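Comments concern the structure below.
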Protein chains: 2
Amino acid sequence: MGGFDQMFSGTRAAQVVGISYRQLDYWARTDLIRPSGADASGSGSRRLYTYRDLLELKIIKKLLDAGIRLESVRDVFTYLRDHVDTDITSAHIVINGSSVLLCDGEDLIDVLRGGQGVLNVLPLSGVRDEVDSNIISLQTESPAPTQRAINS
Amino acid sequence: MGGFDQMFSGTRAAQVVGISYRQLDYWARTDLIRPSGADASGSGSRRLYTYRDLLELKIIKKLLDAGIRLESVRDVFTYLRDHVDTDITSAHIVINGSSVLLCDGEDLIDVLRGGQGVLNVLPLSGVRDEVDSNIISLQTESPAPTQRAINS
DNA sequence: TTGCGTACTGACAGCGGTGTAGTTACCTCG
DNA sequence: CGAGGTAACTACACCGCTGTCAGTACGCAA
């Protein structure tokens, strides 16, 4: 799947990730996740989301589906962006109160064993697969317009 | 700590657990957790919470503190009460979507390794300790009234 | 350039959860 | 029994999030 250079409109991004446009809009307006390709610039303009944006959107959705409050998800992403530079598709995200780790293997088990509070553990193994799969199936159902590399 | 036969008023229960009375009241009214000793029967009446109620309240608080939505916590407790009979102070609560497990040791690691969605893991090791400790310290600050076995 | 499609925008409603404050009535003590 | 303290009750406000709908204006194809 060589979708790294693809750009996705707001509408398409919401479809791929499986959220409502309203949610996407609200998250962008309230700075949870803004489109990296192009931000909105008024009525009728187009947001452009990168492939990496879509992965992040999917992670947010998974956390919400797991019952995490959006307000907590905000804290998680703020922390992640300030402290974690590595590729977000590796391993597991482990949320321990206000700290967030990326770990796997024995590290993961250590964290688990050492915990006193609630841990939220999100395996990232399926995130990319699901996004890729949705990009393809939606492309089949409603192909992108003529212009290259824009999914809208 | 031989508090198993103790009864706690609503006010005291909220103090011990570290929540507002408003929260406790709302949770009781909306059936998240009702007092097992005695339910409210009108203005001026007294709720009575058992020690086990306090443990459950504490678990709820810990889940909320971890950013879990109250609505999700409701689902967890509904499931727990329907499916899990064992002593709730053992091991770890593992929430996997809409299913909830109590497990520890290798079971815990198996669940973790097999997961595709987000897991919420709550170690129960400290719950009893914290509740006990708070019962004692609050008893010292503001002792129970003369009537025996009622903490109010 | 024009016209159409539609993405963004703004407004408002509804819901859940929590805080605040006043009222009612129970409970306990003297 | 009566009085006082206070727990339960009720009302309402506020906030965050999500859904719905109508208006505005951008973007693209002809």
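Quantities reported herein were computed from a predicted structural model and do not represent experimental measurements. Chain identifiers are assigned alphabetically (A, B, ...) following the order of the sequence lines, protein sequences preceding nucleic acid strands; residue numbering begins at 1 within each chain.
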Original post:
Can we say B:Glu56 and B:Arg81 salt-bridge, meaning some charged N sits less than 4.0 Å from an Asp/Glu carboxylate O?
Top reply: yes

**OP:** Could you tell me whether B:Asp132 and B:Arg128 make a salt bridge, using a distance below 4.0 angstrom between a side-chain N and a carboxylate O?
**Re:**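 Looking at B:Asp132 and B:Arg128, the cut-off is not met.
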
In whole Å, what is the span from the [atom1] atom of [X] to the [atom2] atom of [N]?
X	N	atom1	atom2	value
B:Leu63	C:dG17	CG	C1'	16 Å
A:Glu71	D:dT18	CD	P	12 Å
B:Arg69	C:dC15	CZ	C1'	12 Å
B:Leu32	C:dG16	CG	P	14 Å
A:Tyr26	D:dG19	OH	P	12 Å
B:Asp65	C:dT18	CG	P	11 Å
A:Gln23	D:dG16	CD	P	17 Å
A:Leu70	D:dG19	CG	P	12 Å

Original post:
Does a side-chain N or O from B:Trp27 land closer than 4.0 Å to OP1 or OP2 of C:dG17, or not?
Top reply: no

Please tell me if the side chains of [X] and [Y] come closer than 4.5 Å, counting only heavy atoms from C-beta onward.
X	Y	value
A:Ile68	B:Ile68	yes
A:Ile135	A:Leu54	yes
B:Asn134	B:Val17	no

Closer than 3.5 angstrom, by distance alone: can the side chain of [X] be matched with the main-chain N or O of [Y] as a donor-acceptor pair?
X	Y	result
A:Arg46	A:Ala38	no
B:Asp53	B:Ser36	yes
B:Arg47	B:Ala28	no

Original post:
In degrees, rounded to 10°, what is the bend between the two ends of the helix from C:dT1-D:dA30 to C:dG30-D:dC1, using five pairs at each?
Top reply: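 Roughly 10°, once rounded to the nearest ten degrees.
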
Subject >> Smallest separation among heavy atoms of A:Ile109 and B:Arg113, with atom names >> reply: CD1-NH2, 3.3 Å

**OP:** Indicate, with a heavy-atom threshold strictly under 4.0 Å, whether A:Ser20 touches base, sugar-phosphate, or nothing.
**Re:**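 A:Ser20: backbone/sugar contact only, no base atoms under 4.0 Å.
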
Give me, pair by pair, the N or O atoms of the protein and of nucleotides 8-11 of chain C that are less than 3.5 Å apart, along with how far apart they are.
| residue | atom | partner | partner atom | Å |
| --- | --- | --- | --- | --- |
| C:dC8 | OP1 | A:Arg47 | N | 2.6 |
| C:dC8 | OP2 | A:Tyr21 | OH | 2.2 |
| C:dC8 | O5' | A:Tyr21 | OH | 2.9 |
| C:dC8 | O4' | A:Gly44 | N | 3.4 |
| C:dC8 | O3' | A:Gly42 | O | 3.2 |
| C:dC8 | O2 | A:Ser43 | OG | 3.0 |
| C:dT9 | OP1 | A:Gly42 | N | 3.4 |
| C:dT9 | OP2 | A:Arg29 | NH2 | 3.1 |
| C:dT9 | OP2 | A:Arg47 | NH2 | 3.2 |
| C:dT9 | O5' | A:Arg29 | NH2 | 3.1 |

